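As the structure is a prediction and not an experimental result, all values here were calculated from the model. Every chain is numbered from 1 and lettered A, B, ... according to where its sequence line falls, protein lines coming before strand lines.
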Number of protein chains: 2
Amino acid sequence: MARMKGEQTTTERKPQRVTMETVGKIAGVSQVTVSRALSDPSKVSAKTLARIQDAIEATGFVPNGVAGALASNKSKLITALVPSLTNIVYSSMIQSFGRRMRDAGYQLLLSETGLDPREEDATIAAHLSRRPDAILLTGVHHSAQARRMVLAAGIPVVEIWEYSDTPIDMCVGFRHADTGHAAAEFAHRKGYARAATISAGDERARRRKAAFVDRLQALRPGAVPQIDFDTHATLARGREGLSQLLDGHGFDGGVIFCSSDILANGVLVEAQARGLRVPQDIAVIGFGDQDGAAHLEPPLTTIRVDREAFGRAAADILLDRFKTGEAAVPKVDLGFELIARGSA
Amino acid sequence: MARMKGEQTTTERKPQRVTMETVGKIAGVSQVTVSRALSDPSKVSAKTLARIQDAIEATGFVPNGVAGALASNKSKLITALVPSLTNIVYSSMIQSFGRRMRDAGYQLLLSETGLDPREEDATIAAHLSRRPDAILLTGVHHSAQARRMVLAAGIPVVEIWEYSDTPIDMCVGFRHADTGHAAAEFAHRKGYARAATISAGDERARRRKAAFVDRLQALRPGAVPQIDFDTHATLARGREGLSQLLDGHGFDGGVIFCSSDILANGVLVEAQARGLRVPQDIAVIGFGDQDGAAHLEPPLTTIRVDREAFGRAAADILLDRFKTGEAAVPKVDLGFELIARGSA
DNA sequence: ATGAAAGCGCTAACAT
DNA sequence: ATGTTAGCGCTTTCAT
């Protein structure tokens, strides 16, 4: 279609942005009054308010939060960093955290940091440039630079999913090593002759596993074969782990502590495929009590952590900090629970 | 601790925000030069650049992206709405989308909309107030108001996870009804005498199921018992679904089309618990080819959609639009594939 | 109850 | 290669 220089077709023309100025002009008031009508309607007379609301409807005005954030130095934005978006452990925490924050008028800027801790620093910097009102970090191990940056930002920092006596600011979590200890004590009480571990490639999973091995060997000496993957946990890795244990490590039965339920699920499947009885031949302890763990055959013995509660607690201490200026309980240890079901 | 009026303790004092002005003063240049050094270093002399970089290091300066966004009318922010953060279907799409966008310098503002479509409008408005450079929506069914708002924003809109000939702007997805048709044809070819469905409470799941029933009944008349949950899919619901079918609907064997793999997994578990053979007594077709589907016993026959590819494609057409000003291929149907494994 | 003025920290012309 | 001048669209005083 031919068109003349400088002319613009309808589809190409950028819609003229509607500002408070525009709305005010239509309603016959100044821009400031529109601002007030939106932020505190009680400060504006009823009839003015009505006219402003009409003008907003008519124009389809959407306030420019960027300008507002710049002027007020409040963004109503919370920044969150998680290792993985697809890992149910993190996504369910973020889900409950996000819901509560959203109810309080905040939105979530979310990024994945992956398994490599060094990736985190750049992401933190990028996030801070958005001038969030707070930042949520996963775990309590961060680089010196990361700590410096978030501290310099002068905003509340919540570390989630791991407890520390010395968080950057606030934290909500549990002690990962303790879960390994608890699993080891359970296995020992149950009298399993042999034990092994299967672990995914994240640092906290490794710590849980190491704690299991340490405690078990303290209770009763004996080798504990360990399969360590350097990837995320998947069901296939669980199957593979059991196979390696059985075929390559001379493991001929006993209890297996897995760093996550999905790995444990894989062990169950592989055991079934090989005609091994659970828990008589192979016993399995998982971690996470994820969806379906209780409904597997046999039901999975696992360590339960209330991820939703972590998210809610994180939101609560944050909102409290916003309100009071200081958090009453900045360090929260929500603990865990070993759930004995049929698999061990 | 007593302290004088107006005095501030160290811990209370908000860190003085470092601006480009500050950095420039230290480096002996103007604020604009600092801006240039950051956005296009080639425009600044080597020695100036070095001094500026020193000043940035020394001060720990983090650019204020809010101010930048306001001034340039570019936020480098992409807004995304998904029904659920914990559903692997959506999180894996978002993951691959987010990774590619992040590599291109964009960040993701992410919100959950839930199962209720009406919740979406308010969230869209909130997101648009951040002045994102583009918006990603799940599915192609949105309210008239939602369409109006995103259109008025004058930014690219990508609808993902569902194909439409008439998207708001661009779309990447597949035709959900076609998957039901394909499953029905497969079931018919395989000669299953009886069929049933189990579906979760989302609108697209319902459409897949309805398409299955329609096509199957077109191929060969006969009732198709349907279990419809109005919640998200879980393994427990899958077990429950099979139980209801068996105990309450007089379903005594045949093929079951599930609206997701997690439901199918539950059916498998319940069948195993009841000592039913799969696929001889109960055959199962899932949807999604989720992690582990191939490793279940028996491996799950399912419909595979390449969710990561959706995310990547969405990022690609968006980045292309940013670059060229118009997308060459705004509507992408990535299709699906029925994978016949052992369960049906 | 409403308005005028200043300014948040940048980027985008336009100089030089 | 660097600086000057204007805004971007709001919120925040301070007036009236």
Main chain of B:R99, side chain of A:E112: is a donor-acceptor contact present, judged purely on distance under 3.5 Å?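 Pair absent, no side-chain N/O of A:E112 close to backbone of B:R99.
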B:E120 (side chain) donor-acceptor with B:T113 (main chain) under 3.5 angstrom: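 Side chain of B:E120 to backbone of B:T113, a donor-acceptor pair under 3.5 Å: no, none is there.
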Can you tell me how the ring of B:Y106 sits relative to the ring of B:F322, calling it parallel under 30°, perpendicular over 60° and tilted otherwise?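 Rings of B:Y106 and B:F322: parallel, under 30°.
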To check you understand the geometry: which heavy-atom pair defines the closest contact between [X] and [Y], and what is its length?
{"X": "A:D121", "Y": "A:M149", "value": "O-CE, 3.4 Å"}
{"X": "B:V23", "Y": "B:I52", "value": "CG1-O, 4.0 Å"}
{"X": "B:S92", "Y": "B:E308", "value": "CB-OE2, 3.4 Å"}

In whole angstroms, how far is the [atom2] atom of [N] from the [atom1] atom of [X]?
{"X": "B:L70", "N": "D:dC8", "atom1": "CG", "atom2": "P", "result": "9 Å"}
{"X": "B:N64", "N": "D:dC8", "atom1": "CG", "atom2": "P", "result": "18 Å"}
{"X": "A:R17", "N": "D:dG9", "atom1": "CZ", "atom2": "P", "result": "9 Å"}

Below 4.0 angstrom, which residues in residues 30-46 of chain A have at least one non-hydrogen atom near DNA chain D?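 Under 4.0 Å from DNA chain D: A:Q31, A:V32, A:S35.
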Can you confirm whether A:M101 sits close enough to A:L319 that some side-chain heavy atom of one is under 4.5 Å from a side-chain heavy atom of the other?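 A:M101 vs A:L319: side chains touch.
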Kindly indicate whether the side chain of B:N87, heavy atoms from C-beta on, has any atom under 4.5 Å from the side chain of B:D202.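 Result no, sub-4.5 Å side-chain heavy-atom pair not found.
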For chain A and DNA chain C, what are the first and last nucleotides along the strand, 5' to 3', with at least one atom under 4.0 angstrom from a heavy atom of the protein chain?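 Range of nucleotides touched by chain A: C:dA1 to C:dG9.
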Sugar-phosphate only, base, or nothing, as touched by B:V29 at under 4.0 Å among non-hydrogen atoms: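 Since only primed, P, OP1 and OP2 atoms lie under 4.0 Å of B:V29, the category is sugar-phosphate.
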